[in-house]
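Please read these numbers as outputs of a predicted model, since none were measured by experiment. Each chain gets a letter, A, B and so on, in the order its sequence line appears, and its residues count up from 1. Below, each value reflects all heavy atoms present in this structure, side chains not excepted, and no hydrogens, waters or symmetry copies.
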Amino acid sequence: MNSMNEILKEVMAISGEFSVKEVTARESIIFVETSRLNAILEILKRKGFSHLSLITGVDRIEDGVFEVFYTLFRWETGEALLVKSSVSRDAPVITTVMHLWPTARFYERDVHEFFGIVFDGNPDLKPLILENWKEIPPMRKDFDPQKYSNEHFPDRHYGSEFLVEGGGENE
Amino acid sequence: MSNEHKAWERVANMLRSRSLWMLYYCTGCGAIELPPTMTSRFDMERLGIGPMATPRQADILLITGYLSTKTLRRVIYSYEQMQSPKYIVGFGSCTLNGGIYYDSYATINKLDLYVPVDLYLAGCMPRPEAIVSGFTALMSKIDKGEANGWKEYQEKNDWFKRNQIEALGEVYVHDEFHE
Amino acid sequence: MFMNIVITILSGIALLVVAFIFTVTLEGIARKIEARIQRRYGPPFWQNFIDIFKSLTKYSISHGFIFDFGILMALGGTIATVFFIPAGSLAVFPGIDNVFVVIYLLAIGLLGMAMSAVGSGNPNASIGIGRALAQMLGYELPFMIVILGVFFHHGTSSLSDLVSIQIAQGAYNVWLMPIGGVVAFVSLIGMLGKKPFDTFIAPAEIASGPLVEYSGKYLGMLMIQHAFATFIEIGLFVNLFLGGGRTLWEFLLKFLIVYFSIVIISATIPRFRVEQAIKFYWKWPLILSFVQVIIVVFVMGRR
Amino acid sequence: MSILFVLAASLFAAPLFFLVSKLKKSVAYMAYAAFQVLVFLYVFFWGGTGSSYEVVGITSKLNFNFSMTSVNWFFASIVMLIISTTAVFMFPLKKSPVKVFLLSLVTAGALGAVFSADFLTLMIFWEISTWSSLLLIIQDKEKSTGEAIKYAAIAAVGSYSMLFAIFYMDSRLGTVEFSSVALKIESQPIGVQLTIFIALAIMVLAKMGSFPLHTWLRGSHSSAPDEFSPILSGGLTKLGGFLLFIMSIALPSFKGFGNLPILNGIPIVNYGFALLGGISIVVGTVMAIRMEDAKELIAFSTVSNSGYIVLALSIGGTYATAGGMMHILNHALASAAMFMAIAAVAYRTRTTKMHEMGGLIVKMPVTFAVYLVAIISVAGIPPTSGFVSKWLIYQQLVENGLPFLAFAAFFGSIGSFMYVFKPLAGIFLGQLKPEHEKVREAPLIMLAPMTLLTLLTIFWGVFPSNAIRSINRITESIGGGTVDVTFSRIVALTGEWDSVLVTTVFAIGFAISLLIFIRAKRARKVDLLDNYTGGDFLYTAELYHFSYRMYRPFDRLFEKWPSMENWLSSTSEKIKELGALLKAVFFNRNPQVYIALTVIVILGAFWWLR
């Protein structure tokens, strides 16, 4: 059972260099451009990282990019691998991985709903959790939840009597 | 009201206060406080309060914690299925003023804008002792005939409906799972 | 002639009042016993009265004509059956209170509630009614076979005559036919719908089954019907197997003992699935009831 | 105005109706209905005036004997009541000249069979009605020839065994008349009595659809035209009851088999026959619970109820006989009413599949009421007549102490709650399907006969003494015991009950609950879309109508049980192969083999007949 580094070396041999950052003995992160992302994921799946446990996104608004994380897991040795790639904020399109992992369909639907990243090839990019949501995707940093909450859900106005008596009459 | 009707109403209130049936609908994190309240340590049944499976049979609807817009739609639908006289008890600070989720895009901040609340229990989340003392307070309120949230909902119905539409857009939604 | 009509009416009303008050207090005490078994205090024993009258004061919804008519038929049938149960000295129709009439009049109550529950259009209710009718086929058969033996041995199927025979004989049927008594007791638990056999009103699985759409006064009427049905079923068992009682108090005492033993059993046993319940009833109780009847018919012969 | 005139009129009316309906269908149907009603009234009101006896000589030995005793009157009035109400009922249904011709032939055959005084006439007229019903079954549905063949095969088994019985009786006793056979049969040796009894029993089982020969009922009912099913299950199976009554009660089979081993009061042969009836109750009930088509379900309920009749009339005794006869009357009324209700629903909704319908109580309330009273009677619940007959049968079971037959009887009556309730819930209750939005109540001409049957069921349920007195007249005429009946009370050995009292007490209970209902606050009417669904919204309400395989836990219990129909179809496969083998061996092409075979057969015949 070759360790994770040997696998990564084999992958680099096939698809070229990419930077590797080791977090713990059994977990590391690799940074990949979106153009090579699909090929590398496919190779990693063949090499043993058979389980896709999560797809999630991070909004790097200062660099103007969205980072998309693919968390892979290897059952034989219990190693986890985070494949990170970034997509520009104004045209966030990335190819789907449904052909590798069918379960990716709902992860991609979730990321699409909360970040607006389009996974082309995924037929089912409907809203998953929010109902009747008209605003921009809420997990983006340029969306202000406080403002939305104040507009849509009026607050309780605490008049003077509440503060002074400390809620005496509720006994 | 004729005094015969008033006397009958007083007897009815006495009956209603001693036999309250609670709906099995745990909307938030406070619901985990209910099992200890029902079982042998605090024994809610000795106050005449017991869980019921359907809104048709229930008298109290417990809003136990933060209330997201999706759950609020189901709460309104269940509340309207319950039969009056019916009461709502709000648990914790999330129903009072939004609690720690005051700035969230998904949860409401003031419960009694949308449904009439008869009793608030402070605490995040109120422990079983607080729940039991809250219920005894509700029972005395019903006994005195002051717990008229359900009458309010009937009289000021359009005010409630307007608030609901403002916050939720529409109450009866079509989602993919029910076509 | 006119006098005994008045007497029957009065004793009928007395029987109804006794049945209602006694059974509802007993159910309240039963809740206290169950609470004690679960190491808690439980509600006051008059709690069931409060629940019933509170439900009657509430508003309610109706799903149409058959929803109402079914409930009226259920409560009406069950009230009619109560008159045919002799309670010690209080026998409303001595001589013509036939057991088959009691069992089949009770079926009106079940059919009425079944119609009204399915009329509410809720799938939980239809599933509950399907389970109730299937389970009825389970517990009713052993009971009927055993009471066939009782009628054959005593040569009469009228309740009040059976009671007077047992009193005169001094030996209760439960001593004459011990296996029959045990089988009847087990199927009595099924009839009452107590814990091991209450799959048709399982609150967790099918939201209290047939009762899912009943609110307010319908619920109150169904609780009254349940109280009367309990009185009929346990009264039937006491009269058939425990000699019914010379005075009203003796009957009520035996009623109480039988009821509390069932409550204690049902407080400690989890719920059966429906086919398990039917398989259970068709295995041991049915075989034992056949053994008992064969003993009675071929060995003991007529009295 | 004797029986002959009535019989001749109904026989010659058949071709007449055929010709008239060639010109104008509705006129023919009206004439047919009027004729049947007239015959019924004539038979019903003429019966009470004692008995008359007529003979029609055809050859020296072969003559038809007809009699008008109380037995003939009882069965004639039941059969004619069902046929005349169905005749009125079927006016709006699809009309065709062939159908009206066959229907009137069926009536003529049934009438002749019921008035017969000897086995031969009974056999001949019965075959007329069987063959015409055979042709009638394949009128409506296209693929129903398979079912008709199954019916023909089993009917043939019955009629051949009866034919054998007739010839055997003629050769042994020299007569086929009921009364004279009854006199001569006691002196015969046990073997003779046994063969006659068994041969006739096979005919009864085949025609009533009891246990071993019940598989034809389901197919013939589901493919028969809607207007024929009530006659088939209400009328024709009752002819089996007539033969059963003659066979086991009129010919004193109890004395005849007296010296066979007795099983608490019943000779072993009768007990075996009753056991077959018991098994047919259990099989009919279990199969009925698992049916998804309303007509098949009621067909199996006919199997179960004819099991009751076989059980009751074969154990004999005063109460079982009275109970059996009363059950023939009740089941005729109830199953005819059920089939008519289902036919009315099918007339409006074009289907009899229960899960394709729902909520029709809103659109067809009267049909619902008719169906409700009919199922209360089939289930045997007090205010209706179904309970009276079952109660009488139970009295006899208790009196003789027969645990296994009692088990079958109790299983049948409690199981009947399950299968009678399934169509009620599937068709009438629950949410209305959108395509049934425009369904209207059945036409008045359909409702009138149905309500008549319902009122009769309730009348004989509340005042059973009226029916039991006429049954007493029958049992007296053949020397059996009678059930003593006052105006409202029925007294039996092991207990008595008062039907008027039960109904009044039920009315009092109903009034008390009505009082509570009105005293409390008025309920707000809510349609079936506003239902508890675990807090979620409900848009397509008819998806929520739960009626497909309503008793799933019960079905799972009986999945692995052997089914009679599969067993029969596998045997028929084997017989087909055997036939193919024989064909290959004997029927080859060259003629000499044929000649040789015929010669051998003729020789054999001569040897046997010398």
Side-chain angles (χ1 to χ4, degrees), chain C residues 56 59-64 66 68 72-73 75-80 83 93 96 98 100-101 104-105 107-108 111 114-115 118-123 126-127 130-131 133-134 136-137 140-141 144-145 148 151-152 155-158 207 212-213 216-217 221 273-275 278-279 290 293-294 297, chain D residues 264 359 361-362 376 379-382 387 391 394 397-398 401 403 406-407 410-411 414-415 417-418 421 424-425 429-431 489 493-498 501-502 505-506 508-510 512-514 516-517 520-521 523-526 528 531-532 541 544-547 550-554 556-557:
Chain C
L56 289 175
Y59 287 91
S60 52
I61 54 103
S62 150
H63 280 297
I66 197 61
D68 307 344
L72 295 176
M73 196 170 139
L75 188 56
T78 315
I79 288 175
F83 292 124
F93 300 114
I96 47 173
N98 196 285
F100 291 118
V101 170
Y104 280 94
L105 258 179
I108 289 186
L111 194 67
M115 268 198 314
V118 175
S120 72
N122 198 306
S126 312
I127 296 168
R131 288 182 177 184
L133 289 175
M136 181 171 176
L137 199 55
E140 200 74 42
L141 283 173
M144 297 277 267
I145 301 288
L148 177 93
F151 301 152
F152 176 78
T156 168
S157 64
S158 134
V212 71
E213 278 300 315
K217 68 181 178 190
M221 285 168 80
R273 274 209 331 263
V274 178
E275 58 261 21
I278 300 176
K279 271 203 196 91
F290 272 120
V293 136
I294 286 166
V297 168
Chain D
N264 41 28
I361 180 171
V362 172
I376 291 182
I381 295 180
F387 175 72
W391 185 77
Y394 291 153
L397 289 173
V398 165
F407 167 75
F410 296 144
F411 187 91
I414 299 158
F417 294 155
M418 288 176 73
F421 186 73
L424 188 84
L429 304 177
Q431 286 87 356
R489 190 172 294 199
L493 288 165
T494 59
E496 53 186 273
W497 72 290
D498 187 326
L501 179 79
V502 165
V505 162
F506 176 65
I508 293 166
F510 195 85
I512 295 172
S513 50
L514 196 63
I516 301 173
F517 187 81
K521 292 187 172 68
R524 175 167 60 91
K525 188 143 176 3
V526 154
L528 297 175
N531 240 307
Y532 165 68
Y544 279 70
H545 178 39
F546 171 77
S547 68
M550 187 171 170
Y551 302 108
R552 279 162 226 240
F554 194 81
R556 276 198 292 272
L557 272 177

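Taking CE from Met221(C) and CZ from Phe517(D), the interatomic distance works out to 6.5 Å, rounded to the nearest 0.5 Å. Interatomic distance, CD1 of Ile108(C) versus CD1 of Ile381(D), reported as 6.0 Å (0.5 Å rounding). For the atom pair OH (Tyr104(C)) and CD1 (Ile414(D)), the distance works out to 5.5 Å, reported to the nearest 0.5 Å.
Comparing Arg489(D), Met550(D), Met418(D), His545(D) by heavy-atom pairs within less than 4.5 Å of chain C, the highest count is held by Met418(D). In terms of heavy-atom pairs under 4.5 angstrom with chain D, the leader among Gly77(C), Ser158(C), Pro123(C) is Pro123(C). In terms of heavy-atom pairs under 4.5 Å with chain C, the best-connected choice from Tyr551(D), Phe510(D), Phe554(D) is Phe510(D). For the set Val118(C), Thr156(C), Val297(C), the entry with the most heavy-atom pairs within less than 4.5 Å of chain D is Val118(C). Per-residue counts of heavy-atom pairs under 4.5 Å with chain C were compared for Leu424(D), Val526(D), Asp498(D); the largest is that of Val526(D). When Asn98(C), Ile127(C), Leu56(C), Asp68(C) are compared by the number of non-hydrogen pairs under 4.5 Å with chain D, Asn98(C) comes out ahead. Note: Pro382(D) leads Pro382(D), Gly430(D), Ala520(D) in heavy-atom pairs under 4.5 Å with chain C. Contact count versus chain D (heavy atoms, under 4.5 Å) is highest, among Val293(C), Ile294(C), Val101(C), for Val101(C).
The shortest distance between side-chain heavy atoms of Phe506(D) and Met73(C) falls below 4.5 Å. No side-chain heavy atom of Lys217(C) sits under 4.5 Å from any side-chain heavy atom of Ile516(D). Put simply, the side chain of Arg552(D) does not reach to within 4.5 Å of the side chain of Val274(C), judged on heavy atoms. Proximity of Leu148(C) to Phe410(D): side-chain heavy atoms (C-beta onward) are separated by under 4.5 Å at one or more points.
Contact annotation for Phe100(C): both backbone and side-chain heavy atoms come within less than 4.5 Å of a heavy atom of chain D. For a residue to count as touching a neighbouring chain, one of its non-hydrogen atoms must lie under 4.5 Å from one of that chain's; by this rule Ile278(C) touches chain D with the side chain only. Both the backbone and the side chain of Ala134(C) come within contact range of chain D, each with at least one heavy atom under 4.5 Å from a heavy atom of that chain. Only the side chain of Phe421(D) has a heavy atom closer than 4.5 Å to any heavy atom of chain C.
Scanning all heavy atoms of the two residues, the minimum distance from Val505(D) to Phe93(C) falls at CG2-CZ, 3.8 Å. Across all their heavy atoms, Leu429(D) and Met115(C) have their closest contact at CD1-O, 3.5 Å. Taking both residues in full, the closest heavy atoms of Ser157(C) and Gly495(D) are given as OG-CA, 4.0 Å, listed atom of the first, atom of the second, then distance. Taking each heavy atom of Leu141(C) and Phe407(D) in turn, the nearest pair found is CD1-CE1, 3.8 Å.
Remark: the backbone N or O of Gly121(C) is paired with a side-chain donor or acceptor of Gln431(D) at under 3.5 angstrom. In this structure, the side chain of Lys521(D) does not engage the main chain of Ser60(C) through any donor-acceptor pair within 3.5 Å.
Residue Phe417(D) forms a side-chain contact (heavy atoms from CB on, under 4.5 Å) with just one option from Leu133(C), Leu111(C), Leu137(C), and that option is Leu133(C).
Residues meeting the side-chain contact (heavy atoms from CB on, under 4.5 Å) test with Ile79(C), sequence neighbours left out: Leu16(C), Leu75(C), Phe83(C), Phe228(C), Ile512(D).
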Checking Phe151(C) against Tyr394(D) for the ring-ring contact (aromatic ring centres under 6.0 Å, His included) test, could you report, in this order, the C-alpha distance in whole Å, the side-chain angles of both residues, the deciding distance, and whether it holds? CA-CA 11 Å; Phe151(C) 301 152; Tyr394(D) 291 153; over 10 Å; no
